Colleague: 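Encoded as structure tokens, here's the structure I'll be asking about.
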Amino acid sequence: YWDSFSKRWNVQVSIRGKRIQVFLPTSSDPIKAEQTRLRALRLRDGLLRIQKQAIAEAQLDVSPMIAKLKADAFITPKSGKRPSRGEFGLCWNSYSKRWHVQVPIRGKRIHAALSTSPDPIKAEQARLRALRLRDGLLRIQRQAIAEAQLDVSPMIAKLK
């Protein structure tokens with residue numbers, strides 16, 4: 001459903017008593033907003049298919065199936081291309097004066113904020129640290145998609 005307060009799509013399906021919930025942010029661009037709406041519908045349909053399989057086969061491990069479906073929901077049709085406004089997964093927050101890194105891994109948004117100083121050299125070093133962190137998280141994201149059983153928590157902790 002569309003959450004008008006937070007301006008994003010909210011997909012919820014209960015599988016074996018556990019609520020699976022994924023938020024898909026949208027854009028002010030009508031074409032991208034429609035693409036996001038369609039991704040939300042595909043995600044919902046995929047979760048409903050998994051729900052039916054879980055009911056039919058009681059011993060079926062649905063966790064890897066859900067993880068892959070969530071990861072696929074965050075891959076945009078133009079994956080690999082950078083947004084025109086800057087670096088994917090990295091942004092500057094002018095209010096808090098920090099670099100923010102955000103990368104979705106298995107449906108969870110991994111977030112880190114790196115402080116900087118007014119000194120231009122230290123500010124550039126902080127930006128480069130943020131880029132390295134972002135690149136490491138993207139590498140973990142790709143591994144998590146390729147290997148559904150991989151435990152990514154220690155990898156993320158080591159990276160941060």
Side-chain angles (χ1 to χ4, degrees), residues 1-93 99-114 130-160:
Y1 69 89
W2 173 251
D3 185 350
S4 59
F5 179 74
S6 61
K7 306 284 190 241
R8 59 187 177 180
W9 289 99
N10 182 356
V11 179
Q12 292 183 22
V13 174
S14 180
I15 299 176
R16 292 190 180 142
K18 183 179 177 187
R19 184 174 69 178
I20 310 300
Q21 185 171 16
V22 181
F23 297 104
L24 294 173
T26 190
S27 169
S28 59
D29 177 24
I31 294 172
K32 290 181 182 178
E34 178 62 13
Q35 288 173 343
T36 304
R37 185 186 72 79
L38 294 174
R39 275 191 310 183
L41 288 173
R42 283 193 303 273
L43 177 63
R44 184 205 58 200
D45 293 344
L47 286 172
L48 289 173
R49 267 194 310 279
I50 293 171
Q51 181 186 46
K52 287 179 184 175
Q53 287 178 332
I55 291 169
E57 301 175 44
Q59 300 300 321
L60 180 66
D61 183 16
V62 295
S63 299
M65 298 162 62
I66 293 170
K68 177 154 180 27
L69 192 61
K70 283 183 174 181
D72 290 346
F74 285 99
I75 298 173
T76 60
K78 293 183 179 180
S79 63
K81 291 189 178 182
R82 302 282 183 227
S84 59
R85 65 185 179 279
E87 295 284 340
F88 172 79
L90 178 69
C91 68
W92 172 253
N93 185 322
W99 287 101
H100 288 266
V101 177
Q102 288 187 23
V103 175
I105 298 177
R106 292 195 175 138
K108 294 182 180 175
R109 183 176 25 198
I110 309 302
H111 177 267
L114 295 139
L131 277 171
R132 283 193 298 274
L133 177 61
R134 189 268 327 255
D135 291 343
L137 287 172
L138 288 173
R139 199 169 32 259
I140 292 170
Q141 179 191 50
R142 286 190 298 273
Q143 289 175 343
I145 291 170
E147 301 174 39
Q149 299 296 328
L150 182 66
D151 184 16
V152 295
S153 299
M155 299 166 70
I156 294 169
K158 184 180 176 184
L159 190 61
K160 284 188 172 183

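Keep in mind that what you see is a predicted model, and the values were worked out from it rather than measured. Nothing fancy with the numbering, it's 1 onward along the sequence.
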Colleague: Could you pull out all residues at least two apart from A148 that satisfy side chain to side chain contact (heavy atoms under 4.5 Å, CB included)?
Modeller: P64
Colleague: Enter the distance from Q51:CD to R44:CZ here, rounded to the nearest 0.5 Å.
Modeller: 11.5 Å
Colleague: Name all residues meeting the side chain to side chain contact (heavy atoms under 4.5 Å, CB included) criterion together with L60; count only those two or more places apart in sequence or in a different chain, and write none if there are none.
Modeller: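 For L60 the side chain to side chain contact (heavy atoms under 4.5 Å, CB included) partners, ignoring immediate neighbours, are R16, Q53, E57, V62, M65.
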Colleague: Taking all heavy atoms of D61 and all of Q149, pick out the closest pair and write down the distance.
Modeller: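 Answer, listing the atom of D61 first, then Q149: OD2-NE2, 3.9 Å.
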Colleague: Would you say Q141's side chain and P104's backbone share a donor-acceptor pair under 3.5 angstrom?
Modeller: yes
Colleague: Rounded to the nearest 0.5 Å, what's the gap from CD1 on I110 to CG on L138? Could you check?
Modeller: 11.5 Å
Colleague: Which distance, rounded to the nearest 0.5 Å, do you find between the CD1 of I50 and the CD1 of I55?
Modeller: 12.5 Å
Colleague: Distance check, rounded to the nearest 0.5 Å: K158 atom NZ versus S153 atom OG?
Modeller: 14.5 Å
Colleague: Using the test side chain to side chain contact (heavy atoms under 4.5 Å, CB included), find all partners of R139 that sit at least two apart in sequence or belong to another chain.
Modeller: R142
Colleague: List the residues meeting side chain to side chain contact (heavy atoms under 4.5 Å, CB included) with H111, not counting sequence neighbours, and say none if there are none.
Modeller: H100, Q102, A113
Colleague: Shortest non-hydrogen contact from A144 to I105?
Modeller: CB-CG2, 4.1 Å
Colleague: Look up atom CG in L133 and atom CD1 in I156, then write down how far apart they are to the nearest 0.5 Å.
Modeller: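 Here the rounded value is 10.0 Å.
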Colleague: I need the L90 CG to L131 CG distance, nearest 0.5 Å.
Modeller: 5.0 Å
Colleague: Taking all heavy atoms of L47 and all of I15, pick out the closest pair and write down the distance.
Modeller: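 What the structure gives for the nearest pair is O-CD1, 3.8 Å.
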